[in-house]
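Quantities reported herein were computed from a predicted structural model and do not represent experimental measurements. Quick note: numbers below take in every heavy atom, side chains included, and nothing from hydrogens, waters or symmetry partners.
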Amino acid sequence: MENPEAKPARKILVMDDDEMIRFIAEQTLSKAGYDVTCVADGAAAVEAYVAARKGDRPYIAVFLDLNIPGGMGGKETMKRLLDIDPAAKGFVMSGDPTDPVMQDFAVHGFHGAVDKRLLYKKAELDAILSALA
């Protein structure tokens with residue numbers, strides 16, 4: 001039987017084609033108390049997002065790598081997630097903070113932009129995650 005006083009799951013979905021980035025994201029976010037799912041491309045992100053909603057355990061946020069070579073990147077993935085769930089909270093990630101999508105993230109449906117080089121530094125992570133609490 002479930003504990004009615006238990007906190008709701010703090011689930012985060014991370015999409016990145018780089019296995020090391022996924023590993024670091026999972027380790028860092030798990031230590032911060034989040035239930036983390038990592039996937040390598042947009043199709044897998046959409047599939048995981050839909051499954052979590054159907055299972056009544058939705059993600060509170062998604063972090064999407066802007067560019068996925070040979071696959072669906074963050075911009076298209078966010079568009080599809082917003083079609084599924086207009087309230088989806090997405091953050092675009094890139095190692096290039098000068099990319100036009102990073103500069104104008106809200107136009108593309110994102111709640112924020114994250115320079116991947118800074119994502120796993122405690123101060124930056126705390127600032128991003130405090131907006132989700």
Side-chain angles (χ1 to χ4, degrees):
M1 179 170 244
E2 288 186 28
N3 178 356
E5 294 180 26
K7 289 183 179 179
R10 296 173 5 146
K11 292 180 61 171
I12 293 180
L13 177 62
V14 176
M15 177 195 81
D16 199 293
D17 61 310
D18 186 320
E19 186 175 350
M20 183 58 75
I21 296 289
R22 293 192 308 268
F23 175 79
I24 293 168
E26 184 173 15
Q27 295 297 307
T28 305
L29 292 167
S30 292
K31 285 179 184 173
Y34 290 88
D35 179 3
V36 184
T37 301
C38 294
V39 297
D41 62 39
V46 171
E47 184 178 315
Y49 195 90
V50 169
R53 283 178 49 94
K54 285 183 180 176
D56 202 27
R57 292 199 48 196
Y59 293 102
I60 62 169
V62 295
F63 289 87
L64 304 171
D65 187 7
L66 181 58
N67 297 305
I68 303 289
M72 181 173 33
K75 185 176 160 184
E76 178 64 24
T77 302
M78 192 69 225
K79 182 180 180 312
R80 291 193 187 183
L81 294 179
L82 289 170
D83 287 344
I84 294 163
D85 177 9
K89 289 184 181 175
F91 296 85
V92 61
M93 301 187 306
S94 177
D96 178 9
T98 64
D99 186 286
V101 175
M102 294 286 286
Q103 297 295 314
D104 214 3
F105 61 84
V107 169
H108 302 284
F110 292 102
H111 278 73
V114 179
D115 182 337
K116 282 201 287 188
R117 299 168 298 177
L118 303 177
L119 178 62
Y120 306 108
K121 294 189 181 216
K122 184 166 176 23
E124 282 76 9
L125 182 62
D126 288 346
I128 293 165
L129 298 178
S130 69
L132 302 175

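Counting non-hydrogen atoms of other residues, nucleotides and ligands closer than 6.0 Å to CD of Glu47 gives a total of 12 or fewer. Surrounding CD of Gln103 are more than 12 heavy atoms belonging to other residues, nucleotides or ligands, all under 6.0 Å away.
Taken together through direct or relayed side-chain contacts under 4.5 Å among Ile, Leu, Val, Met, Phe, Trp and Tyr, Phe23 and Met15 form parts of separate hydrophobic clusters. Residue Val36 is not grouped with residue Val62 when hydrophobic side chains (ILVMFWY) are merged at heavy-atom distances under 4.5 angstrom, including chains of intermediate members. Using a 4.5 Å cut-off between side-chain heavy atoms of Ile, Leu, Val, Met, Phe, Trp and Tyr, with links allowed through other members, Tyr34 and Met93 fall into the same hydrophobic cluster. With hydrophobic clusters built from ILVMFWY side chains whose heavy atoms lie under 4.5 angstrom apart, Val101 does not share a cluster with Val114.
Qualifying side-chain contact (heavy atoms from CB on, under 4.5 Å) partners for Asp104, counting only residues two or more places apart in sequence or in other chains: Val107. For the side chain to side chain donor-acceptor pair (under 3.5 Å) test, no residue two or more places apart in sequence or in another chain qualifies with Asn67. Looking at residues two or more places apart in sequence or on another chain, you find no side-chain contact (heavy atoms from CB on, under 4.5 Å) involving Ala51. Listed by chain and residue number, Tyr59 satisfy the side chain to side chain donor-acceptor pair (under 3.5 Å) test with Thr37 (two or more places apart in sequence, or in another chain).
Using the six-membered ring where Trp is involved, Phe91 and Phe63 have ring planes that are parallel, under 30° apart on the 30 and 60° scheme.
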Just distance, no hydrogens or angles: give the donor-acceptor pairs under 3.5 Å from side chains in residues 68-83, sequence neighbours left out.
from: Glu76; atom 1: OE2; to: Arg80; atom 2: NE; distance (Å): 3.1
from: Thr77; atom 1: OG1; to: Gly73; atom 2: O; distance (Å): 2.7

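Judged by distance alone, the side chain of Lys89 and the main-chain N or O of His111 form no donor-acceptor pair under 3.5 Å. At least one donor-acceptor pair under 3.5 Å links the side chain of Arg22 to the backbone N or O of Asp17. With hydrogens and angles disregarded, no donor-acceptor distance shorter than 3.5 Å links the side chain of Arg57 to the backbone of Lys11.
Rounding to the nearest 0.5 Å places CG of Asp115 at 10.0 Å from OG1 of Thr98. To the nearest 0.5 Å, atom CZ of residue Arg53 and atom CD1 of residue Ile84 are 7.5 Å apart. Interatomic distance, Cys38 SG to Ile24 CD1, rounded to the nearest 0.5 Å: 10.5 Å.
Lys116 and Asp16 get closest at one heavy-atom pair: NZ-OD2, 2.9 Å. Nearest approach of Leu13 to Ala45, heavy atoms of both residues: CD2-O, 3.5 Å. Minimum heavy-atom separation, Val14 to Ala25: CG1-CB, 3.9 Å. Minimum interatomic distance between Leu66 and Ser94 (heavy atoms only, all atoms of both residues): CB-CB, 4.1 Å. The shortest non-hydrogen separation linking Ala113 to Phe105 is CB-CD2, 3.8 Å.
Residues His108 and Val92 fail the side-chain proximity criterion, which asks for heavy atoms closer than 4.5 Å.
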